[in-house]
J.: 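Sharing a structure below in C-alpha cells format, with a few things to ask.
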Amino acid sequence: MAYNFLNVNEQVLMEGKANKTVFLGVNKGGTLILTNQRLIFKTTLLSKIEEIPLSSILTSDDSFNVLIPSGNMIKVCTTDGKTHQFLVVGKQKEDWKKALSAVVNMMRG
C-alpha cells in the first residue's frame, strides 16, 4: 500500500493490523507499519499516525497485559523510558519481533 506520510527513501518493510494499548486495557485499532526509518502506528478512525524512530528503540519483546490477556502482544521500549504495547494479528507476533530486532540491530551497526 502507498502511504503519503513516508519520508524520501523510506521503505515499508512490514505492515499488519494491530491494536495499541493506550492505558489500562483501552486499545485503539489501526495498522502497525515498520519502515527502514521508524515504527508507525496509524489509527483506523482518525488516520492519525504515531511514530517511533528506529534509533530510539531499545528493545522489543513479548508483553502481557492482565486486562487484555493475549499471547499476541509485543512491547517496544524506547530511550525516553516509554513502553509501547501492540496487540498484533495471530501468528505474526514472532515475525514482528524478528523484523524489529533485525532493523534495530542494523541501525546500531
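Predicted model only: the values in this text are computed from it and were never measured. When reading the values below, keep in mind they use all heavy atoms of this one structure, side chains included, and skip hydrogens, waters and symmetry mates.
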J.: At what distance, to the nearest 0.5 angstrom, does CG of Asn19 lie from OG1 of Thr44?
T.: 8.0 Å
J.: Let me see the working for Asn27 and Lys20 under side-chain contact (heavy atoms from CB on, under 4.5 Å), right down to the final yes or no.
T.: CA-CA 5 Å; Asn27 286 319; Lys20 182 176 183 191; 6.0 Å; no
J.: Would you find more than 12 non-hydrogen atoms of other residues, nucleotides or ligands less than 6.0 Å from Asp80 atom CG?
T.: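 Counting other residues, nucleotides and ligands, CG of Asp80 exceeds 12 neighbours.
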J.: Could you report the tightest heavy-atom contact between Leu34 and Ala99, atom names first, then the distance?
T.: CD2-CB, 3.7 Å
J.: For the atom pair CG (Leu54) and CG (Leu13), what is the distance rounded to the nearest 0.5 Å?
T.: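 Leu54 CG to Leu13 CG: 8.0 Å, rounded to 0.5 Å.
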J.: Evaluate the side-chain proximity of Lys28 to Phe41: yes if any heavy-atom separation is below 4.5 Å, no if none is.
T.: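 Counting from C-beta outward, Phe41 and Lys28 do come under 4.5 Å.
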J.: If you take all heavy atoms of Val88 and Lys93, which pair is closest and at what distance?
T.: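 Answer, listing the atom of Val88 first, then Lys93: CG2-CA, 3.6 Å.
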J.: Salt bridge check, Lys42 against Glu15: does any charged N sit closer than 4.0 Å to a carboxylate O?
T.: no
J.: State the OG1-CD distance between Thr43 and Glu50, to the nearest 0.5 angstrom.
T.: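 Answer rounded to 0.5 Å: 7.5 Å.
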J.: Are the side chains of Asn36 and Glu10 in contact, using a 4.5 Å heavy-atom criterion?
T.: yes
J.: Looking at every non-hydrogen atom in both residues, tell me the closest pair between Met14 and Gln92 and how far apart they are.
T.: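 Smallest heavy-atom distance, with atoms named: CE-O, 4.4 Å.
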J.: Rounded to the nearest 0.5 Å, how far does CG of Leu39 lie from OG1 of Thr78?
T.: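 It comes to 10.5 Å.
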J.: Scan Val103, Ile52, Asn7 and name whichever one has a side chain to side chain contact (heavy atoms under 4.5 Å, CB included) with Arg38.
T.: Asn7
J.: Find the distance between CG (Asn72) and CZ (Phe86) and round it off to the nearest 0.5 Å.
T.: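 It comes to 14.5 Å.
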J.: In Å, rounded to the nearest 0.5 Å, how long is the span from CD of Glu51 to CZ of Phe5?
T.: 9.5 Å
J.: Which heavy atom of Thr21 sits nearest to which heavy atom of Met73, and what is that distance?
T.: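 Of all heavy-atom pairs spanning Thr21 and Met73, the closest is OG1-CE, 3.8 Å.
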J.: Can Ile40 be reached from Tyr3 by stepping across I, L, V, M, F, W or Y side chains whose heavy atoms are under 4.5 Å apart?
T.: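 Cluster IDs for Tyr3 and Ile40 match.
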